Amino acid sequence: MAAVDVDSGRRKLDWARAHMPIHARLRQRFGETQPFADTVVAVCSHVEAKTGVFIETLAAAGAEVVFTGSEPMSSQDDVMAALAEQSGITGHMRHGVSDDELARLHETVLDHSPNFILDDAAELTARWVARHPNAAAGLVGTCEQTTTGVQRLQAMVGQGVLHFPAYAVNDTPMKHYFDNVHGTGESTLTNLCQATNLLLAGQRVVIAGFGYCGRGLAEKARGWNARVIVTEVDPRRALEAHMAGFDVMPMSEAARWGDFFITATGNRDVLRDGHFRQMKDGAVLANAGHFNIEINADDLAGMAETRREVRDGVEEFTLNDGRRLNLLAEGRLANLAAPTAMGHPAEVMDQTFGTQLMAAVDLMERRNDLNAGVHPVPDAVDREVAEIKLATLEVGIDELTETQQRFAEAWRTEDIKA
Ligand code: NAI
């Protein structure tokens, strides 16, 4: 096994730190107030440089941090080695582990008996709840950063097994308007082009799902001069896509049409057997949703006569009629799991992790007032992260005058124009 280049990890952390000004401010603030003193905080995420800066900031805020990866391929060994050098930080992860190994590493993190979980796709929370289905067992709470994770937390509430408060950080404006839309949009397309060395301009790009991620992908692909089609299952989202000027059709029709396919639904089998049968020779398939089951790679493998890695991170499946379909990063998150992937840009993750951090501090402070269940992050917390970001950008905004404030709060006809 090649030696891990710790210095490369340190340099990646330096670069990310220099482009995460919200974290610089929070590090200073929470370094003084120590909101996580005597607290074991488990972090599950894609452990690359931006996550590293987040972990460092938690440690500076007094936490004893134990981290792991949320996905087998998306964490970087050099960054994790540079984090492990720092006091108050322990890691249980290695790039390229099997799914079984990842499960064991997650259990090892839980053996540290965390008081708090900062989670991605509810991977650690689900295991904690499976271990302790009848009690919180010392866990103060959890903050969740993805759509898939919030969905899983709600399922736990439905079954009556969530015994602690959880903040749906994914659902904050500061997360999904920026991270899902711009972060996923830019980083997935960047990596798709880098991994394939192909052009998007003039190409036919099919985006499955017009949620936050899907709309970012569709808008940005159009911005790169691609011809974009959207597929949906929700009539309102489909209508939004239509009125945003995209062609909308079922995948059974779009399959014949696309040069590139990107799934962003958070669901499964969005591209499957029947679709593969119709696709053009040379089509490229990529997934931006959390799980690697949006594209049914087993169906593809079952139909293939031969398969080979045609470029790093791109597998070519040759079907019995000679058509070649190319799957990026084994159908895992294309912006995180492919060999050239770097995840979201630093500025976006500064906001996402800044919101996670502020939400976690708020939950710690309100621990005795919050019931078990999934809660929205208080608007004031989210708003403050936006204010810090604007301050770092030196962007000023207006304030409501007293009259405007009174107007906004009035309902009696005589008060409206008073
Ligand atoms: P969302 O809930 O806003 O959007 C998903 C959309 O997909 C919905 O409009 C839904 O109607 C549609 N959909 C569901 N099943 C479908 C199907 N079979 N065919 C077509 N459309 C279908 O969710 P969001 O925030 O856009 O997230 C989507 C996925 O991306 C989730 O798994 C989330 O965890 C993941 N994600 C990935 C990121 C990355 O870095 N790659 C970053 C943020 C989220």
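In each ligand, atom 1 is the first atom listed, and ligand 1 is the first ligand listed. Being a predicted model, the structure only gives us computed values, none of them experimental.
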(message) Cation-pi check for Tyr212 against Arg237: NZ or CZ below 6.0 Å from the six-membered ring centre and within 45 degrees of the axis, yes or no?
(response)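 Output yes; distance and angle both within limits.
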
(request) Taking the six-membered ring of Phe246 (Phe, Tyr or Trp), confirm whether the NZ or CZ of Arg222 is under 6.0 Å from its centre and within 45° of its axis. (result)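 Judged by the rule, Arg222 and Phe246 form a cation-pi pair.
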
When you measure from [atom] to each heavy atom in [options], which option holds the nearest one?
{"atom": "atom 40 (O) of ligand 1", "options": "Thr231, Thr352, Asn335", "value": "Asn335"}
{"atom": "atom 37 (C) of ligand 1", "options": "Ala264, Ala288, Gly214", "value": "Ala288"}
{"atom": "atom 4 (O) of ligand 1", "options": "Gly211, Gly209, Gly185", "value": "Gly211"}

(message) Please work out, at 4.0 Å between heavy atoms, whether the side chain, the backbone, both, or neither of Thr265 comes within that distance of ligand 1.
(response)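 The part of Thr265 near ligand 1 is both the backbone and the side chain.
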
(request) Kindly indicate whether the side chain of Tyr177, heavy atoms from C-beta on, has any atom under 4.5 Å from the side chain of Gln351. (result)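 SC-SC contact between Tyr177 and Gln351 ruled out.
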
(message) Within the structure provided, determine whether Met80 and Phe67 are in side-chain contact (heavy-atom separation under 4.5 Å).
(response)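 Counting from C-beta outward, Met80 and Phe67 do come under 4.5 Å.
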
Go through ligand 1 atom by atom and flag the ones less than 4.0 Å from a non-hydrogen atom of [X].
{"X": "Asp234", "answer": "11 (O)"}
{"X": "Gly289", "answer": "29 (C), 30 (O), 32 (O), 35 (C)"}
{"X": "Thr146", "answer": "34 (O)"}
{"X": "Asn267", "answer": "15 (N)"}
{"X": "Lys175", "answer": "43 (C)"}

Starting from [atom], what is the nearest protein heavy atom, named by residue and atom, and what distance separates them?
{"atom": "atom 24 (P) of ligand 1", "result": "Thr147 OG1, 3.6 Å"}
{"atom": "atom 42 (C) of ligand 1", "result": "Thr184 OG1, 3.1 Å"}
{"atom": "atom 19 (N) of ligand 1", "result": "Val233 CG1, 3.7 Å"}
{"atom": "atom 32 (O) of ligand 1", "result": "Thr148 OG1, 2.8 Å"}
{"atom": "atom 35 (C) of ligand 1", "result": "His290 N, 3.7 Å"}
{"atom": "atom 9 (O) of ligand 1", "result": "Glu232 OE2, 2.5 Å"}

Can you find a non-hydrogen atom of [X] under 4.0 Å from ligand 1?
{"X": "His344", "answer": "yes"}
{"X": "His176", "answer": "no"}
{"X": "Gln151", "answer": "no"}

Got an N/O contact under 3.5 Å between [X] and ligand 1?
{"X": "Cys213", "result": "yes"}
{"X": "Tyr212", "result": "yes"}
{"X": "Arg237", "result": "yes"}
{"X": "Asn180", "result": "yes"}
{"X": "Thr188", "result": "no"}

(message) Please tell me whether Phe276 and Phe317 form a close aromatic pair, meaning their ring centres lie under 6.0 Å apart.
(response)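 No, the ring centres sit 6.0 Å or more apart.
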
(message) Could you check whether His132 and His163 have their ring centres less than 6.0 Å apart?
(response)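 No, too far apart.
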
(message) If we ignore hydrogens and angles and just use 3.5 Å, is the side chain of Asp119 paired with the main-chain N or O of Thr125 as donor and acceptor?
(response)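 Looks like yes, one N/O pair under 3.5 Å.
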
(message) Quick one: does any side-chain atom of Trp128 pair with a main-chain N or O of Ala136 as donor and acceptor, under 3.5 Å?
(response)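 It does hold such a pair.
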
(message) Holding to side-chain contact (heavy atoms from CB on, under 4.5 Å), I want the full list of residues that pass it with Ala341, two or more places apart in sequence or in another chain.
(response)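 Partners of Ala341 by the side-chain contact (heavy atoms from CB on, under 4.5 Å) criterion, ordered by chain and then number, come out as Asn191, Ala338.
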
Check this for me: does any side-chain nitrogen of one of [X] and [Y] sit under 4.0 Å from a carboxylate oxygen of the other?
{"X": "Glu123", "Y": "Arg152", "value": "yes"}
{"X": "Asp321", "Y": "Arg277", "value": "no"}
{"X": "Glu56", "Y": "Arg17", "value": "yes"}

(message) Looking at every non-hydrogen atom in both residues, tell me the closest pair between Leu139 and Pro114 and how far apart they are.
(response)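 Smallest interatomic distance, heavy atoms only, reads CD1-O, 3.4 Å.
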
(message) Looking only at side-chain N and O atoms, does Thr172 offer a donor or acceptor that is under 3.5 Å from a partner on Thr355?
(response)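 No.
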
